[in-house]
Student: 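Structure in structure tokens, see below.
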2 protein chains.
Amino acid sequence: MSARRHVIRPATLEAIVEAAIRVLNANAGATMSEVAAQAGVGRATLHRHFHTRDDLVSAIGIRCIEDMNAAVRAEATAGQSAVDRLRSMFRAVIPLGDRYSFLGTNCTDDPRVREGYGMQLQWVMALVEDLKEQGDVDRDVPSPWVAAQIDQLVWTAWNAIAAGYLSADEATELALRTLTEGLR
Amino acid sequence: MSARRHVIRPATLEAIVEAAIRVLNANAGATMSEVAAQAGVGRATLHRHFHTRDDLVSAIGIRCIEDMNAAVRAEATAGQSAVDRLRSMFRAVIPLGDRYSFLGTNCTDDPRVREGYGMQLQWVMALVEDLKEQGDVDRDVPSPWVAAQIDQLVWTAWNAIAAGYLSADEATELALRTLTEGLR
DNA sequence: TCCATATGAGACATTGATGTCGCAAATGTG
DNA sequence: CACATTTGCGACATCAATGTCTCATATGGA
């Protein structure tokens, strides 16, 4: 389609992606200049590889949702119990909390992002069904509530780790416990 | 300080506040024109009563945090058990989910908003201590985790009601149950 | 080392939102 | 009904961010 005149250097791309996630998480309305500065990159370089600001946000959004989908699926192993699969998912997804946050406040309407989100929701809903099947979650609880709870727990766990009062493993186990047994 | 030349009409103020919450929740970068249009008000009228855009966002933010703090405190009755106080808080705060959402994405740095948020956090942390005291929450669970969980449950409950799959009472009880007993 | 090219820096035009103003009309109050 | 004042509308200047371009420099591969 568009033959890019310039080929982006891997290091440059990585710096831009990480900076954009960081800066746009702090302020969804952040400027191209701010992103460039945080990335240690010239503003023109941003425009060279991401034609418009929307292109940049969309590209990062797509990358984030792909990262998360990949993480969710990579850990799924046949023969595992539902709880074990949930644990694997937590382990893989919690470290991507910054991606999760980015998607929550940016490009909430991009079709490709929505599609990726739909696939993830589908996967989680299937897991919820299995959790109910195996008696880990009460059948009477609406599945959307369980799915929402799982989503929120990922975010809470990421914050706990970022705040430093829990290790990754502790946060994962506490999230599992919160969902099934509660905090009593 | 500033003697306003124009006195705002209550109906006008109400329309602006509600429209601003609605529009800025859908898109944090929304324009003054969009807010004015949604409020059924001239753009100049916005500027007449809220000198700058920041003034508008701050004013709404302060109102939101005040609404929430008022709701949290209004329901506190002496002699109630910790769980009953938590239930009262859920009942009062969950309907303010749109306020909560607004504060999450706008004016995250306004000093007065931060102060109000700090007071609310303080109140919740005190409640968490009482919940631990009465055995409703395990002492081993870090209090920040419990507080975060309570916050998230308010938001989840509001969404469930907005989505229509739970009534206000059902959402309140399910939130309580999720926190203490879990979903098993 | 040399060469191809990606990058940084800065100038530039353009665009869209902001904030101000004046005036005519609507509103509500007595 | 008459009066005072808020409101809507449109014109306007201003400003900040966007997107484009050029050229000198830095970078990495052969």
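Letters A, B, ... mirror the listed sequences (proteins, then strands); counts begin at 1. Note that the structure is a prediction, hence the values are computed from the model and not measured.
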Student: Ignoring backbone atoms, test whether Thr45(B) places a side-chain nitrogen or oxygen under 4.0 Å from the OP1 or OP2 oxygen of dT7(D).
Tutor: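 Indeed not, no polar side-chain atom of Thr45(B) lies that close.
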Student: Looking just at side-chain N and O atoms, do Thr172(B) and Asp169(B) make a donor-acceptor pair shorter than 3.5 Å?
Tutor: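 No donor-acceptor contact under 3.5 Å links the two side chains.
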Student: If you look at every strand shown and take non-hydrogen atoms under 4.0 Å, does Gly40(A) touch a base, only sugar-phosphate, or nothing?
Tutor: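 Answer is sugar-phosphate: Gly40(A) comes under 4.0 Å of backbone atoms only.
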Student: Base of dG19(C), side chain of Arg48(B) - is there a donor-acceptor contact under 3.5 Å?
Tutor: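 When only heavy-atom distances are counted, Arg48(B) does not reach the base of dG19(C) through any donor-acceptor pair under 3.5 Å.
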Student: Looking at Arg99(B) and Glu18(B), is there a salt bridge between them, counting it only when a charged N and a carboxylate O are closer than 4.0 Å?
Tutor: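 Result for this pair is yes, salt bridge flagged.
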Student: Does OP1 or OP2 of dA17(D) have a side-chain N or O of Ser33(A) closer than 4.0 Å?
Tutor: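 For dA17(D), OP1/OP2 do not have a side-chain N/O of Ser33(A) under 4.0 Å.
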Student: Starting at NE2 of His47(A) and ending at C1' of dT14(C), how long is that distance when rounded to a whole Å?
Tutor: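 Computing the His47(A):NE2 to dT14(C):C1' distance gives 13 Å.
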Student: Quick check on dT7(D): is either OP1 or OP2 less than 4.0 Å from any side-chain nitrogen or oxygen of His49(B)?
Tutor: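 Looking at the OP1 and OP2 atoms of dT7(D), one of them is under 4.0 Å from a side-chain N or O of His49(B).
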Student: Would you say dT18(D) has OP1 or OP2 under 4.0 Å from some side-chain N or O of Thr31(A)?
Tutor: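 Yes, because at least one side-chain N or O of Thr31(A) sits under 4.0 Å from OP1 or OP2 of dT18(D).
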Student: Please report the distance, rounded to the nearest Å, between CG in Leu24(B) and P in dA17(C).
Tutor: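 The answer, rounded to whole Å, is 14 Å.
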Student: Report the distance from atom NE2 of His6(A) to atom C1' of dT20(D), rounded to the nearest whole Å.
Tutor: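 Roughly 12 Å, once rounded to whole Å.
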Student: Rounded to whole Å, please give me the gap between CZ in Arg53(A) and C1' in dT18(D).
Tutor: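 Atom-to-atom, Arg53(A) to dT18(D), this comes out as 10 Å.
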Student: Looking at Thr12(B), does any N or O in its side chain come under 4.0 Å of the phosphate oxygens OP1/OP2 on dT7(D)?
Tutor: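 Yes, such a contact exists.
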Student: Figure out the CD/P separation between Glu14(B) and dT7(D), and round it to whole Å.
Tutor: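 Rounding to the nearest Å, CD of Glu14(B) and P of dT7(D) are 14 Å apart.
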Student: What closest approach, in Å, do Gln134(B) and Ala82(B) show between heavy atoms, and which atom pair accounts for it?
Tutor: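 Taking every non-hydrogen atom into account, OE1-N, 3.5 Å.
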Student: Roughly, in whole Å, what's the span from CG in Leu56(B) to C1' in dG19(C)?
Tutor: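 To the nearest whole Å, that distance equals 14 Å.
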Student: Answer with yes or no whether Arg43(A) presents, from its side chain, a donor or acceptor under 3.5 Å of a partner atom in the base of dG19(D).
Tutor: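 Yes, the side chain and the base share a sub-3.5 Å donor-acceptor pair.
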Student: Taking for each residue the nucleotide of DNA chain D with the nearest heavy atom, is it Glu34(A) or Ala44(A) whose nucleotide lies nearer the 5' end?
Tutor: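 Counting from the 5' end, the first nearest nucleotide belongs to Glu34(A).
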Student: Give the rounded distance in Å between these two atoms: NE2 of His51(B) and C1' of dC21(C).
Tutor: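 To the nearest whole Å, that distance equals 12 Å.
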Student: Which is more 5' along DNA chain C, the nucleotide nearest Ala30(B) or the one nearest Arg9(A)? Just name the residue.
Tutor: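 Closest to the 5' end, via its nearest nucleotide, is Arg9(A).
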Student: Calculate, to the nearest 0.5 Å, the distance between atoms CG and CG belonging to Asn159(B) and Leu166(B) respectively.
Tutor: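 Asn159(B) CG to Leu166(B) CG: 11.0 Å, rounded to 0.5 Å.
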Student: So how far is it from Leu131(A) CG to Leu179(A) CG, rounded to the nearest 0.5 Å?
Tutor: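 Here the rounded value is 7.0 Å.
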Student: Between Met32(B) (CE) and dT14(D) (P), how many Å, whole number?
Tutor: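 Value for this atom pair: 20 Å.
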